[in-house]
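Before any comments, here is the structure.
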Amino acid sequence: MAQDKQTPSYEQAREELTEVVRRLETGGLTLEQSIELWERGEKLAAVCEEWLQGARAKLAAALAQRETPHPNTSDEAPF
């Protein structure tokens, strides 16, 4: 995921999402405030999921590359 000024880092999104959940659990908000926080939380959760999917894809690519035999190496030892 390319980061721009509008998209928070994974850590920033996770931290803000934690704060949103804390505020919702604390209560004392109007229905409108609760809905706004819920919507923000949904957006933050989507940002976190996008970052995690990107990380999973990079990890899978790195593991696949590691498991693919390199053309300059053979299964037989030269000695």
Side-chain angles (χ1 to χ4, degrees):
M1 169 180 208
Q3 185 173 356
D4 58 35
K5 294 181 186 209
Q6 300 297 327
T7 304
S9 70
Y10 171 79
E11 291 79 8
Q12 291 167 331
R14 186 189 66 212
E15 187 175 314
E16 187 178 345
L17 180 56
T18 300
E19 179 60 23
V20 165
V21 170
R22 187 196 64 74
R23 288 181 63 198
L24 286 169
E25 288 178 342
T26 300
L29 303 170
T30 65
L31 179 58
E32 185 176 319
Q33 291 170 324
S34 295
I35 291 171
E36 286 176 13
L37 277 175
W38 179 268
E39 290 171 347
R40 179 64 182 158
E42 288 291 324
K43 289 177 185 176
L44 291 166
V47 168
C48 289
E49 183 59 30
E50 194 172 332
W51 277 109
L52 290 173
Q53 286 178 358
R56 285 185 196 109
K58 287 180 183 179
L59 179 59
L63 289 173
Q65 184 177 6
R66 190 176 92 183
E67 292 174 1
T68 303
H70 297 288
N72 294 337
T73 60
S74 69
D75 292 337
E76 297 178 23
F79 299 57

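Just so it is clear, the model here is predicted, and its values are computed rather than measured.
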So do the side chains of Leu63 and Arg66 get within less than 4.5 Å of each other, counting heavy atoms only?
-> yes

Check whether any side-chain heavy atom of Glu16 lies under 4.5 Å from a side-chain heavy atom of Arg40, and answer yes or no.
-> yes

Crowded around Glu11 CD? As in, over 12 foreign heavy atoms under 6.0 Å?
-> yes

Return yes when atom CD of Glu19 has more than 12 non-hydrogen atoms of other residues, nucleotides or ligands closer than 6.0 Å, and no otherwise.
-> yes

Any sub-3.5 Å donor-acceptor pair from [X]'s side-chain atoms to [Y]'s backbone N or O?
X     : Y     : value
Gln12 : Ser9  : yes
Trp51 : Pro8  : yes
Gln33 : Thr30 : yes

Between atom [atom1] of [X] and atom [atom2] of [Y], what is the distance when rounded to the nearest 0.5 Å?
X     : Y     : atom1 : atom2 : result
Ile35 : Leu24 : CD1   : CG    : 11.0 Å
Leu44 : Glu39 : CG    : CD    : 12.0 Å
Glu42 : Leu37 : CD    : CG    : 12.0 Å

Treating Ile, Leu, Val, Met, Phe, Trp and Tyr as nodes and any side-chain heavy-atom pair under 4.5 angstrom as an edge, say whether Leu17 and Leu29 lie in one connected cluster.
-> yes

Full working for salt bridge (charged side-chain N to carboxylate O under 4.0 Å, His left out) between Arg23 and Glu36 = CA-CA 12 Å; Arg23 288 181 63 198; Glu36 286 176 13; over 6 Å; no

